[in-house]
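In this chain, numbering begins with 1 at the start of the sequence shown.
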Amino acid sequence: MKTAVQELKKTGLRCAVMFGFHQSVGASKKGPVKVFDEGQVVLFGVAQKGINNRIQGYLFRTGKGNSEVPGVFPSVTILAYAERKNQLTRLRRTMAWLHKTGYQPKNLSDTFS
């Protein structure tokens with residue numbers, strides 16, 4: 001099963017794939033939609049500016065899971081969740097390091113966190 005991830009850049013809200021290897025990119029009214037094969041590991045960031053200046057990061061495995069992530073269809077399996085900028089930065093750097101050293105992030109177990 002494929003997983004679609006909606007990227008979004010508008011005033012006050014930004015959603016972007018920070019790590020992951022997509023198969024294709026589609027277009028929608030809201031922005032690009034990246035499509036991933038089943039079993040891939042994706043790091044998806046959501047930043048809201050305004051009163052709360054909230055940032056969130058979701059590290060998840062694509063395919064049918066039991067967790068819903070905004071902008072992602074269908075539900076996925078969450079491996080880790082970040083609610084602060086430094087946590088999200090560490091997740092991004094960890095995924096980049098794993099890839100750089102030749103380890104395939106898709107081989108991470110579902111109990112990664």
Side-chain angles (χ1 to χ4, degrees):
M1 176 180 286
K2 306 270 187 218
T3 299
V5 179
Q6 174 74 60
E7 292 194 314
L8 181 63
K9 294 178 186 175
K10 69 178 194 176
T11 305
L13 181 63
R14 184 175 182 153
C15 305
V17 173
M18 302 177 76
F19 179 85
F21 303 102
H22 58 275
Q23 179 187 25
S24 62
V25 179
S28 75
K29 292 180 181 179
K30 295 180 180 180
V33 176
K34 293 188 176 175
V35 179
F36 294 86
D37 285 330
E38 186 169 354
Q40 296 295 315
V41 172
V42 178
L43 178 58
F44 184 61
V46 179
Q48 294 174 309
K49 291 197 173 202
I51 298 171
N52 296 332
N53 286 333
R54 189 173 181 186
I55 190 165
Q56 297 171 308
Y58 302 89
L59 182 67
F60 61 85
R61 182 179 317 284
T62 60
K64 190 65 177 159
N66 57 2
S67 301
E68 292 185 12
V69 174
V72 178
F73 181 81
S75 37
V76 293
T77 302
I78 293 181
L79 304 176
Y81 171 74
E83 59 184 356
R84 290 192 297 271
K85 186 176 180 178
N86 67 334
Q87 293 172 331
L88 186 54
T89 300
R90 287 180 187 159
L91 276 175
R92 183 183 51 78
R93 287 180 179 167
T94 300
M95 292 298 103
W97 179 80
L98 287 172
H99 178 67
K100 180 181 174 183
T101 58
Y103 187 84
Q104 296 296 320
K106 67 180 180 180
N107 293 334
L108 292 172
S109 71
D110 287 350
T111 58
F112 168 71
S113 59

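- Side-chain N or O atoms of Ser75 include none that pairs as donor or acceptor with a backbone N or O of Glu68 at under 3.5 Å.
- By the neighbour-count criterion of 12 heavy atoms within 6.0 Å, atom OH of Tyr103 is densely surrounded, having more than that number from other residues, nucleotides or ligands.
- Thr3 contributes atom OG1, which lies 9.5 Å from atom NZ of Lys64 (distance to the nearest 0.5 angstrom).
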Next item on the list: Show your reasoning for whether side chain to side chain contact (heavy atoms under 4.5 Å, CB included) applies to Val17 and Phe36.
Entry: CA-CA 11 Å; Val17 173; Phe36 294 86; 4.0 Å; yes
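- In this structure a side-chain-to-backbone donor-acceptor pair under 3.5 Å is missing from Glu7 to Gly31.
- With Gln56 contributing its side chain and Tyr81 its backbone, the two residues share no donor-acceptor pair below 3.5 Å.
- Using cut-offs of 30° and 60° on the angle between ring planes, the pair Phe44 and Phe60 is perpendicular.
- Hydrophobic clustering places Val41 together with Trp97 (ILVMFWY residues linked when any side-chain heavy atoms are closer than 4.5 Å, directly or through intermediates).
- Shown here for Glu38 and Gly63, the closest heavy-atom pair between the two residues is CG-CA, 3.8 Å.
- Taken to the nearest 0.5 Å, the CG atom of Leu91 stands 6.5 Å off from the CE atom of Met95.
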Item checked: From CA spacing to verdict: side chain to side chain contact (heavy atoms under 4.5 Å, CB included), Leu79, Asp110 -> CA-CA 6 Å; Leu79 304 176; Asp110 287 350; 3.8 Å; yes
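- When every heavy atom of Gly57 is checked against every heavy atom of Leu88, the shortest pair comes out as CA-CD1, 3.6 Å.
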Next item on the list: Mind running side chain to side chain contact (heavy atoms under 4.5 Å, CB included) on Leu13 and Val46 for me, showing each step along the way?
Entry: CA-CA 7 Å; Leu13 181 63; Val46 179; 4.0 Å; yes
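- Two residues are said to be in side-chain contact when any heavy atoms from C-beta on lie closer than 4.5 Å; Leu59 and Phe19 fail this criterion.
- A 6.0 Å sphere centred on NZ of Lys2 holds more than 12 heavy atoms belonging to other residues, nucleotides or ligands.
- Phe21 and Val33 fall into different hydrophobic clusters, where Ile, Leu, Val, Met, Phe, Trp and Tyr side chains are chained together by heavy-atom contacts under 4.5 Å.
- Heavy atoms only, all atoms of each residue included: Ile55 and Arg84 are closest at CG2-C, 3.8 Å.
- Hydrophobic clustering keeps Val25 apart from Met18 (ILVMFWY residues linked when any side-chain heavy atoms are closer than 4.5 Å, directly or through intermediates).
- Under a 3.5 Å cut-off, the side chain of Thr62 and the backbone N or O of Gln40 do form a donor-acceptor pair.
- The closest donor-acceptor contact from the side chain of Arg61 to the backbone of Val76 lies at 3.5 Å or more, if one exists at all.
- Minimum interatomic distance between Thr77 and Gly65 (heavy atoms only, all atoms of both residues): OG1-CA, 3.6 Å.
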